Amino acid sequence: MMLDQFPMRQILNEEGQVIEGEQLPFSIEEVKRFYYLMLRARMLDKKSVNMQRQGRIGTYVQYEGQEAAQVGSAAALEDGDWMFPTYRDHAATLTFGHSMRNLLLNWRGRLEGGLPPEGVNIFPPAIPIASQLPHAAGAAWAEKKRGTDRVSLVYFGDGATSEGDFHEGLNFASVFQVPAVFFNQNNGFAISVPMEKQMHAKTIAQKGLGYDIPCERVDGNDITAVYTAVKEAVHRARSGGGPTLLEAVTWRYGAHTTADDPTKYRDQSESERRRETMDPLLRLERYLKHQDAWKDQWVSSLEEEISAEIEQAVEEMENYPEADISQLFDHVYDVPTWTLQEQIDEHLAVKGRNG
Amino acid sequence: MMLDQFPMRQILNEEGQVIEGEQLPFSIEEVKRFYYLMLRARMLDKKSVNMQRQGRIGTYVQYEGQEAAQVGSAAALEDGDWMFPTYRDHAATLTFGHSMRNLLLNWRGRLEGGLPPEGVNIFPPAIPIASQLPHAAGAAWAEKKRGTDRVSLVYFGDGATSEGDFHEGLNFASVFQVPAVFFNQNNGFAISVPMEKQMHAKTIAQKGLGYDIPCERVDGNDITAVYTAVKEAVHRARSGGGPTLLEAVTWRYGAHTTADDPTKYRDQSESERRRETMDPLLRLERYLKHQDAWKDQWVSSLEEEISAEIEQAVEEMENYPEADISQLFDHVYDVPTWTLQEQIDEHLAVKGRNG
Amino acid sequence: MTTTVETKNLTMIQGINEALRTKLEEDDQVLVLGQDVGVNGGVFRATEGLHEQFGGERVIDTPLAESGIVGTSVGMAANGFRPVAEMQFLGFIYPAFNQIMTHVSRIRQRSMGRYTAPMVIRAPFGAGVRAPEVHSDSVEALFTHMPGVKVVVPSNAYDAKGLLISAIEDPDPVIFLEPMRCYRSSRTEVPEEKYTVKLGKAAVRREGEDISVFTWGAMTIETMKAVEQVEQEENITCDVIDLRTLYPMDKEAIAASVQKTGRALIVHEAPATGGVSSEVMAVINDTSFLYLCSPVERVCGFDTPVPVYSLENEYIPSPEKIKRAIRRSVAF
Amino acid sequence: MTTTVETKNLTMIQGINEALRTKLEEDDQVLVLGQDVGVNGGVFRATEGLHEQFGGERVIDTPLAESGIVGTSVGMAANGFRPVAEMQFLGFIYPAFNQIMTHVSRIRQRSMGRYTAPMVIRAPFGAGVRAPEVHSDSVEALFTHMPGVKVVVPSNAYDAKGLLISAIEDPDPVIFLEPMRCYRSSRTEVPEEKYTVKLGKAAVRREGEDISVFTWGAMTIETMKAVEQVEQEENITCDVIDLRTLYPMDKEAIAASVQKTGRALIVHEAPATGGVSSEVMAVINDTSFLYLCSPVERVCGFDTPVPVYSLENEYIPSPEKIKRAIRRSVAF
Ligand SMILES: Cc1ncc(C[n+]2csc(CCOP(=O)(O)OP(=O)(O)O)c2C)c(N)n1
Ligand SMILES: Cc1ncc(C[n+]2csc(CCOP(=O)(O)OP(=O)(O)O)c2C)c(N)n1
Ligand SMILES: [Mg+2]
Ligand SMILES: [Mg+2]
């Protein structure tokens, strides 16, 4: 029943055609911009996977296939808004202004990975699943209390909807009608666990019904639909209309992380099939081709530009000074407690003698 | 919107008349039995409140006003089924076969309060709100694995629906399609917090939509509707149809506990109004009167009988041996660990010397 | 020069109420939130009158969800506010454990100082008020072993007000544990005006020569009883140190006292094994090994849950037990 | 008489897999459940092959919800099953803390023995495998201070298999902590057949005269390194005791060793303050005060979260630090 009640909103179909009854509210230039942002994210992802294989970074979390969901949602935010990502949302944080170098440092086990540029409000990626939802509600609540029009956008996966914090976060957000957008990327799997084992519900959108908040299901591989839905939700939030739950239906092509072997639990040919049919970049390519607005040369120049940007970031990452041991102790407390200070002193004494 | 989607199921209206389009599926004798069970629960509640005032028991948790919800649901179970109550559900546990003496001992801070008669499957009342929902799902899951037709019935309040365990319990129950009935008593308040501050949803029933399980709202003061709805849910569970969420809309007349002062947060005249209009016992009285099946003498003989039962239980409770200190140590582990044994020895040595 | 300070004779719960009022008045960023803290004024009346005075935007009744309360507080704190969240009882803090352990305590470090959580989590705790199961748990040790938070336990109205104001002003998150038994058991003269009691400093409650007794919260009551009795009955005199802050502990005060008396006893009501007493022993070991004339004694709760209330008087460390431990130590 | 026992050379993770298989084969009531434990065989392969062999009714992929996993296990355990629940990492046990603290550990007492929770909660833990934040937490102390549960930490394949079988058969709930670093770091000869290693008994890993070193889990690796070095370099010989069960601790083994050597060091990777080391110190204090020639030393993690992995080698107690503490103790 819920599948009917929550149809998957699309503007561009898999063939890159505007579906009947819809209008594409974007100029060719805007579509090209979307393409650029997704390409940038995808190229960074590919580079990262390669670097992991070469041992230049540690275990890495892929997002290939989810670019439309992440880029489209992030692009709908404005400066000053808040973003609460997970470990898989680097396409979103990159789009919202995170530093590419720092995102790469994240995969070297560096604290800088959680540190966005000054003035960009991005929380460090949440590790305990769903724990970031209450934070997003809280940060949005603070904005509401201050009377600003800033909103929170929070990312989480299909698996995350099973945690108590998913429920508590949405409930608080709905009770206090805070300006938060709960953006679910339903990629069908929580590591190896498919959606059917994760929930009895057929959609994630329907979970919003228990909180009496607007909820909608969108094609998470159609960036134009994602952007539009998030923009609407953000607008509602800004203008006092409270929180929204959005489900973006998508797919990760690859493994859960570079440490995971997806063939243990699913047939990877499904990923190949999806690459050829519903890929978010391919879809815009097809659209642009229909519009006669695609030039191979345009793409290669984009690729060049992005490659250069990535190479630069990689270089910065690789030349970045080694983590200083002070990072272990700094910022645990405003000022180290005496126990910690004694431990530091002992540690430095040992190092002084032996290393 | 949800209020329309989840109308409050009633069979008997406040006047004690069968509402149009419904049929009362109970004989006069069965209705009288309901009346008796509710009267018994109410008289025990009143006695308990009095005893608390007299200092004969400690802080007590009233349920007056909620008898139809508790008795009607408990009466729909069968021997061998499982019950997971809260601190407020003594009308339910009493009806399901708990020992009146032990229920009274509960309010003397006695472990026996959590111990039902042999063969009666009632968990000790859950203290951390909503923590019993996963237990009910688990016990039901065990029955399903064994292939029995036993079900779990779990009680919880409106406030409990805000906790993560509410969500996780329902999700597990729905994913594994276990035979559990989630029975919510929506008495409008969690201590002082009214439903509007607890949730943005207008009903609790609608929270079932997120799990794609049957959910229904019933008049929790109409025992005939409660019994019927629970019976249906129990039947569905027994026959492999999985879990159900039921919301029984009710009201507690009194304070949250004898330590609470409800006038701090609500107008208690509302309780008086409800006593006169929608009281669960009054409703059956009116029905029986319409049917010419009410005799004052019948009620007084019931009262006498119940009084005698209660007096007997009170006497047993008051003559019950003091808690033996061994209860502090027994059953923490199967066999006390050495640390605990040393502590016991020291304790007994001190007592031997000084007391 | 003398200054006169206006004081009032207050119970601890009144001291807490005054601290909250003081900070709500002084600092717009301070918020009070939790179950029943608003209209109802708190189940123990800690927040009485605050909702009337400051309104529902600053003194907030929340849904019944501890993780939600703490988790949204993290978001508000990182975004400029100073939430004071109440857990209705410490035994109900467990659903919020993940938020406290992985976010409240770590957000400063995880963000290299960009985001902080200058928040206070208040919770009534401890046995002795005939509360139902779980309500009486004493789990301070869960938090003294959690890097990134501080842990404070007042034992009287004066300390409660001064420590709570310090806690709210502290840049680090503070777990503020209020022994229920002390809420109304006695009164102290408390200045009307604002003052602070420094975190991390113990208080000497009594001075003696023969043994140092370390304790906190409601156990100061049993300890003072026992100590007065051994002094009268057996002429054994004791230092009694109320630690007040359990993390970071007052190392100097512990060392100074043990180095004076040569003997030590720790009294707390949490289960003995793994309790904060072990950490006090560790501090003594580290600072005062050569001064010790006898093994450190501890009188604590059993390795059992706090029992149902019919048995709680058996559970709580009694003056008898404390005296026995003092005698054993002195006679060693 | 000699008996030949068939053995295999196994990693710890294989030992764990064998224990689970043994009990699943032997006892219909045993269930294995958790995130990714079924079709995928567990993120560390602890449950590899079990889903194929025993089917989805006994080896169960659950939703991503730790409280739900533990809470439903309580219901199943009280209703006759013996669940072995996996927390994917110990750092993700926190959402289940309420269920463990108020139900797993208490249902036996709360029901006067009517309902019990003979269940095992398994969790990989500890630093050293370059895992992301939170994944590497060592919070054994949260559970040694929790009456009603036992806490076990194997350090090799033989112990892992024997202890896990004991844990599953134990009538009490057991928190079974598996040091990730030991999963594949070495192999041990492990009997093919069923055997048990008794809970509550420590193992002497090395014998010496000068100092007793107590440790567990992955820290046995650093400790053995350090101890071999001080022996070679400085002719200091050490008792090394792998505690294996942290609650209840092996008092006799601790006392016997300290009473022999007169000195003690505890090594663990959890933060020092409030760590299980303090409780070992308490046991030494209680049993062996007069034997001690120097203060008990501890080499532990800092009072900080386990850092991101670029810094974890700085965090983990190093052989250097252990050696320094040994020298300091011996030179005292
Ligand atoms: C509380 C908690 N439990 C378990 C884990 C381990 N874990 C990491 S990712 C993951 C699956 C998450 O699935 P989903 O929410 O669908 O997000 P996706 O990874 O698909 O983006 C799990 C179980 C965790 N990080 N936190
Ligand atoms: C986890 C937890 N938090 C707080 C409490 C304190 N408490 C006891 S009853 C109650 C209100 C419960 O309200 P509701 O679920 O509506 O049930 P009712 O009491 O109305 O029957 C609260 C907050 C608790 N017992 N457990
Ligand atoms: Mg997913
Ligand atoms: Mg209620």
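What you are looking at is a predicted structure, and each value in this text was computed from that prediction instead of being measured. Here is the naming used below: chain letters follow the sequence lines, and residue numbers restart at 1 for every chain.
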May I ask you to check whether B/H135 and D/Q99 show a side-chain donor-acceptor distance below 3.5 Å?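 Yes - a donor-acceptor pair under 3.5 Å links their side chains.
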
Could you look at [X] and say if it's the side chain, the backbone, both or neither that has a heavy atom under 4.5 Å from chain D?
X: B/F123; result: both
X: B/D330; result: backbone
X: B/I122; result: backbone
X: B/T339; result: side chain
X: B/E118; result: both
X: B/V332; result: both

Does [X] [atom1] have over 12 foreign heavy atoms under 6.0 Å away?
X: B/D79; atom1: CG; answer: no
X: D/Q53; atom1: CD; answer: yes
X: D/K194; atom1: NZ; answer: yes
X: D/Y291; atom1: OH; answer: no

Given that the side chain runs from C-beta out, which part of [X] has a heavy atom under 4.5 Å from chain B: side chain, backbone, both or neither?
X: D/T102; value: side chain
X: D/L33; value: side chain
X: D/L31; value: side chain
X: D/E252; value: neither

I need the residue from [options] with the largest number of non-hydrogen atom pairs under 4.5 Å to chain D.
options: B/G114, B/S131, B/A173, B/A137; answer: B/S131
options: B/W82, B/F329, B/F84; answer: B/W82
options: B/E168, B/Q327, B/E342; answer: B/E168

Has the side chain of [X] got a donor or acceptor atom that lies under 3.5 Å from a matching backbone atom of [Y]?
X: D/R114; Y: B/P124; value: no
X: B/W338; Y: D/M249; value: yes
X: D/Q109; Y: B/L328; value: yes
X: D/D172; Y: B/D334; value: yes
X: B/H331; Y: D/M112; value: yes

Side chain proximity check, [X] to [Y], heavy atoms < 4.5 angstrom:
X: D/H103; Y: B/P128; answer: yes
X: D/N98; Y: B/E163; answer: no
X: B/F176; Y: D/I60; answer: yes

Derivation of the side chain to side chain contact (heavy atoms under 4.5 Å, CB included) call for B/I127 and D/R106: CA-CA 12 Å; B/I127 300 296; D/R106 300 189 204 201; over 6 Å; no

Taking non-hydrogen atoms and a cut-off under 4.5 angstrom, which of residues 90-113 of chain B neighbour chain D?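 Result: B/L111, B/E112.
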
For each of [options], tally heavy-atom pairs with chain B at distances under 4.5 Å, and name the one with the top tally.
options: D/D170, D/V149, D/T62, D/V283; answer: D/V149
options: D/V74, D/V70, D/D28, D/D286; answer: D/V74
options: D/E57, D/Q29, D/K251; answer: D/K251

For the CZ atom of B/F172 and the OG atom of D/S67, what is their distance to the nearest 0.5 Å?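 The distance works out to 9.0 Å.
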
Assess the residue pair B/Y333 and D/R108 against the criterion (side chain to side chain contact (heavy atoms under 4.5 Å, CB included)); give the C-alpha distance rounded to whole Å, side-chain angles, the decisive distance to 0.1 Å, and a yes or no. CA-CA 8 Å; B/Y333 292 90; D/R108 180 189 287 274; 5.8 Å; no

